[in-house]
Peer 1: 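One structure, pasted below without further comment.
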Amino acid sequence: MQARLNAKRSFRHGVHPPEQKEATNRQAIRQFPFAPVMVIPLSQHIGKPARAVVREGQEVLRGQLLAEPDGFVSVAMHAPAAGVVKRIALAPYANGKMVESIYLQPFPGAGQEVIEGRPVDVETATPDEIILAIQQAGIVGLGGAAFPTHVKLKVPEGKSIDTLIINGVECEPYLTTDHRVMLEQIDDILMGIRYLLKVSGAGRAIIGIEANKPDAAAALSAAVPADLPVTVEMVKVKYPQGAEKMLITALLGREVPSGGLPIDVQVVCINVATTAEIGRLLPHGRGIQERVITITGPGVKRKGNYLIPIGTPLRFALEEVGLAGNVTRVFLGGPMMGQAVSSLDVPIAKGTSGVVVFTDEETAQIPQKVYPCIKCAYCVDACPIFLNPSRMGILAKSGRYEEMAEDYHLMDCFECGSCSYVCPSNIPLVQYFRLAKGILREKKG
Amino acid sequence: MSKINKTLEIRTSPHIVRGLSTDDIMRNVVWALLPVAGFAVYTFGLTALVMLSVATLSCVLSEHILCRLNGRESTIGDWSITITGLLYGLTLPPGLPLWMVAVGGFIAVGLGKFLFGGLGYNVFNPALVGRAFLQAAFPVAMTTWHPAFADGRFFSLDGATLTVPFMEPVYTAVTGATPLAAMKFAQQPTAAYDLVFGFTSGSAGETSALFILAGGAYLAVRNMLNWRIPAAIFATVALLSGILHAIDPQHYAGPMFMLFSGGLMLGAVFMATDMVATPLTNRGVIIYGVLIAVLTVMIRYWGGLPEGVMYAILFANAASRHIDRLVQPRVYGTLKQAKRGS
Amino acid sequence: MANDLFKMPETAVSTDEFIKGLWRENPVFVQVLGMCPVLAVTNSGINAIAMGLATTFVLVMSNILVSSLRKVIPKQVRIATYILIIATFVTVVEYLIQAISLDLHKALGAFISLIVVNCVILGRAEAFASKNTLANSFLDGLGMGLGFTFALLCLGVVREILGSGTIFGIGLFPDGFQSWVVMILPGGGFFTMGAWLLFFNWLKERNKKREAALSESGTGVK
Amino acid sequence: MGNESLSFIFLNAALINNFVLAYFLGICPFLGVSGKLETATRMGGAVTFVMLISSTCAYGIHQLLVAVDAPFLQLISYIVVIASTVQLVEMFIKKFSPSLFRALGIFLPLITTNCAILGLALFQTNKGYNFAQSLVYALGAGIGFTLALVLMAGLREELELAEVPNLVKGTALTLMLAGILSLTFMGFAGLGG
Amino acid sequence: MNQIDLKQLTAPPNSWHMLRTLAGVGIFCSLLIVATYQATLPVITTKKLEKLQEAVFNVLPGAASKANFRLTPDGRFEPFEGTPKGETLVYAGYDRQGKLVGIALEAYGQGFQDVLHIIYGYSPEKQAVVGIQVLESKETPGLGDKIEKDPAFLANFEALDVSLSGDGQIQNAITAVKKGEKQQPYEIECITGATISSKAITAILQKSTGEFIPMLMKNLATFEK
């Protein structure tokens, strides 16, 4: 199949934050050691928390099922290492809340071998079987959203999918996780695509890659076998190109309706690392025990891409890579949408695509003074879904949340942060919107 | 792990910013205005220098005092008031008595900005509010023009400049006529060369089209000014005056004259583009620009006054909220949903 | 006690009915009524006084008539009757002014006729005169009318001094005073009224603060 | 007198001598209902409508009064006839167009005693306009009133979200805005000549 | 009190009662209005007449008495007494000897803000406008309203040439020129800064004289005493 490598296509608006990927994009993925204690939250995904199937004190093998999905919108959890379940209790999580988690103490010198489960053959399995297998493998969107992948793939009655989009854009600055995956796990990706094509019934797949990763695009398009209806297409470097809606618009010119899902325009969009995971795990019937994470930022000594066991405490991970300078801010994910953590005791979860560490030098660059909105309209020109953040920000300040939702489509905002990024008055727009949405949801519910 | 601060900052995303702050924008606008002010001093001499300084100072001081009286932190540090002061000065006739300049400066800040809540809330361009007030209060002084390029202008002040406060100015020097007034009342056109290079009489800052365009281009390139506003104004004015001039050249001055005379350049580039008082969307600002242009042409051709840019901009300021309402950007995914629903 | 207080205005003549209109319930500054003449004819002190007195005359006369007829007028037609009465007195006042001075009549123009639709007058007829004794209604009308005149004068004086440099036509300043033309233009009317309201807001705020301070310090004494 | 062109009459009433901003007529509704754009437009529509009706009535009454030579009845008959006509129209609309009534209905009784309506009738009589001129004058006045109201509503909605100093909030702010608008409208002087 | 209120509210409207009240008030009001009108009418009429006469004498220097004339539909003039009802009137002014000094005419036209209403005097002997007075204007105070009192401007109208040419039309149309540039007797020097209002006066005069002077000259004999 031919690759379309002329990256002219994109969505309208958006911003151009400095990419900052040079530090890690040439670093091969390295295996991370086990932490002395791992914390596996039962709710690392959107939806119902998983139900634990192990007891405190029970010994488990690497890859063994720790918790099973509780309902359809829920996924399984597997042991990241062979060890002992110390206890099942509340533990801090990245969002600042306490969630039910399994404390696992790996055996000293535990190996990397993983137990095998019931393999699912891409040729013979039915779509429903594959969906079940994906759920059992505990796969969620590894791009950051952590939405259970199998739910996305369940095509509702009366709808169909014609295109499968594999999202290899990775538009967040600093992060190079997907970039490395696309270079190093090509076979897994292609295998994953086979599963996904089968499940979705799509006639073709498009791998969308941002133009700053030409090596990945070239490697992938060279590897696509003739029997697979897959094209590799490049899109412009622009944030938030990696958002599902933006990528669909860039590649297909289709607009996902407000309040709708990609499936409403016959598309399903799966992150490239998620795809690789499907292709790697399903043939062996295994579950997720580790994932690739970029640990980077000016505060990190050994920046790089690491294959890191799920549940590794952040503190352990940072100690391993070494810190430099006066660290003031650590966040999980990229700098645009990532979650700043208040404590280093939180574990790395399935949805953690990167860890970025800032020192006081970076934080000092962010002006502290908040000016009133001067209606410069930078935010209006940045918003990828054409909202009016300026107006909404002013309304939010006066507490007029209903008006924001009714007249200005607040609920369509996916908090990409472009508006706050460009705001010269330093108004925390995204924070306002998040707050407003929360209050509105509370009022409704 | 000693290097990690005891308290990590938890600010919500995004964690990086572009690093262009409001005061940066304001400061750049001041830079862009300085050459215009410089040319005004070159053209009108000491008179313009003193007048511009008093205009700027009166605005800055008023802002400072009003902020303090209201128990707020003084906001003169954000440079926005310096822009207002400088712009306000540039719209005044150079020989205007200084006490009037100071009164107008206070009005510009008090009425045009402070009453509405300060920076970001001034629904009208404050400089123009000050000028409109002066125009209504002291119509004679506001239409008496100091001649350009007078001999010895760098060493002498216009006699009216130092008028005792609250007294009527007495004009001794020969006064100039603006190209627009000459055209309207005496049907005397001015050479295009003089207009472009600013060898004419008029408000301090409106004479040199070149310096204004250069300043505007600098800001537009740095994305600190929405180029669509002046572009829409120029295009519409040129189009309308072109058509009317073609129909009746005797009555209607041509596009060149319309573009380069009076306050159109200064207004379109620096006044109409006051971010706070303009619509937000790009479609909105084009409508806004067209509205300004149409009103300006209307007032200049058919109105009683020779110049109408100021009124046109103030009117469009008042209308900009409605323009915004009319042309809200179509939110992603809403059109198709409507189609789907029907 | 409460009952007695309630009955008071029915029977006794109360000077409070006169004083309240002047200040506490000033129709212009406190109730913001009848703004149209307040802004339109106050470009000189003379005009303001003339307009104020004309309005007072109509106000007092209509209050008297409405009050004395209050038991006869059926509820259903009361508004129509009031308007009829007011229009009559306005017509009367219009001819009187014309007879006194044509120039004044010209200066006030249609605004004399427009006293008819001044909400202060209909408001007092409906809210006060239709429920109170003749004497009290008279006092109420007089108080409100003079309060209205006072407000007009407040504006008229400021606008005339700044706008023409004179007060009641008498020059205040030496020759060569620069008049602020805007003050006698419509815009000046809006600004002056706005400024007066600002001033009264400020007075109110200050009084409130003082009272608060007084009551704080006064608690110990009590 | 009375020979002005229709275009001049229209522009004069709508812009140059705007009823609200130059004559201060209809200030009460201007201050009262200019807070929200929607009510402002409806009020404007209702006022324009009533102005057209009352202008017609006033023209008829004036002709009648001239014929019977009773100028002293002018004011009293204007106010009575206009008030009752508006009442009739209100009842008529209520009966035949409930939707229009919902849009304009609640404003109609308020407008009856609006000085802009009576002012319009008096001015057109003073200026000696003929029937067509009166109608155009009424239309211009109504549109000018609506324009002022709508502009003010936009500004006030905007400033509702602003950090207006407490002292200024309310009528004082509206008056200052009206003053600036009035200065702005001065730019239209001499149009249509 | 409450009981009465309730009764009033619940009782059906008594039409006779309502009618009686309205009629009574109406009669009282009509009486009051008519009485005032009758009482003030003579005063007002006299004042108006005086005012008009004053204006006529002002624009016709030397006049001591005046007579009203009405323009007839066929373009002639006839003496007129009483109150005008839409007719076009001109006022002839006579000196103490009863000799015709000139004729005063009213004219209207658009000014800067609103309609301007002026009266001007024409002297058939000098074939010139000899005086002008602004009766009604809304020109900008301090600027446009200088047309009412600026002595230099009013000097324009002491002898403004409107002589007729052979064909009975105005020879030279009145025109406005800048201050200090007046050369011809038919030119009007504008006021600096109030060009618009000055030009408005010029336009009004130009139109009115062009229309009326030829007519007046044709019927000059009518006005002689």
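Below, read A as the first sequence line, B as the second, and so on, with proteins coming before strands; counting in each chain starts at 1.
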Peer 1: Please find the pair of heavy atoms, one from B:Tyr121 and one from D:Leu159, that lie closest to each other, and give the distance.
Peer 2: O-CD2, 3.6 Å
Peer 1: What are the two closest non-hydrogen atoms of D:Glu163 and B:Arg72, and how far apart are they?
Peer 2: O-NH2, 3.0 Å
Peer 1: If you take all heavy atoms of B:Leu115 and D:Val164, which pair is closest and at what distance?
Peer 2: O-CG1, 3.4 Å
Peer 1: Under 4.5 Å heavy-atom distance to chain D, tell me which part of B:Leu295 shows up: side chain, backbone, both or neither.
Peer 2: side chain
Peer 1: Which value, rounded to the nearest 0.5 Å, describes the distance between B:Leu305 atom CG and D:Phe188 atom CZ?
Peer 2: 11.0 Å
Peer 1: Indicate the atoms forming the closest heavy-atom contact of D:Thr184 with B:Phe315, along with that distance.
Peer 2: CG2-N, 3.5 Å
Peer 1: With a 4.5 Å limit on heavy-atom distance, are the side chains of D:Ile180 and B:Val123 in contact?
Peer 2: no
Peer 1: Closest heavy-atom contact between B:His322 and D:Leu151?
Peer 2: NE2-CA, 3.9 Å
Peer 1: Just verifying a value: how many Å separate B:Phe124 CZ and D:Leu181 CG, rounded to the nearest 0.5 Å?
Peer 2: 4.5 Å
Peer 1: Start with the C-alpha gap between D:Val168 and B:Phe116, add the side-chain angles, then the distance that decides, and say whether side-chain contact (heavy atoms from CB on, under 4.5 Å) holds.
Peer 2: CA-CA 8 Å; D:Val168 192; B:Phe116 304 132; over 6 Å; no
Peer 1: Near B:Phe106 CZ, under 6.0 Å, is it more than 12 heavy atoms from other residues, nucleotides or ligands?
Peer 2: no
Peer 1: Does D:Glu157 pair with B:Arg325 as a salt bridge, N-O distance under 4.0 Å?
Peer 2: yes
Peer 1: Locate the shortest heavy-atom distance separating B:Ala318 from D:Leu155; write the atom from each residue and the value.
Peer 2: CA-CD2, 4.0 Å
Peer 1: Considering residues, nucleotides and ligands other than B:Glu73, do more than 12 of their heavy atoms fall under 6.0 Å from its CD?
Peer 2: no
Peer 1: Does any backbone or side-chain atom of D:Leu167 lie under 4.5 Å from a heavy atom of chain B? Answer side chain, backbone, both or neither.
Peer 2: neither
Peer 1: Counting heavy-atom pairs under 4.5 Å with chain B, which one of D:Ala189, D:Ala172, D:Pro165, D:Gly179 comes out on top?
Peer 2: D:Pro165
Peer 1: Which region of B:Phe133, side chain (C-beta onward) or backbone (N, CA, C, O), has a non-hydrogen atom less than 4.5 Å from a non-hydrogen atom of chain D, or is it both or neither?
Peer 2: both
Peer 1: Can you tell me which portion of B:Met310 sits under 4.5 Å from chain D's heavy atoms? Options are side chain, backbone, both or neither.
Peer 2: neither
Peer 1: Please round to the nearest 0.5 Å and tell me the distance separating atom CG of B:Leu314 and atom CG of D:Leu183.
Peer 2: 8.0 Å
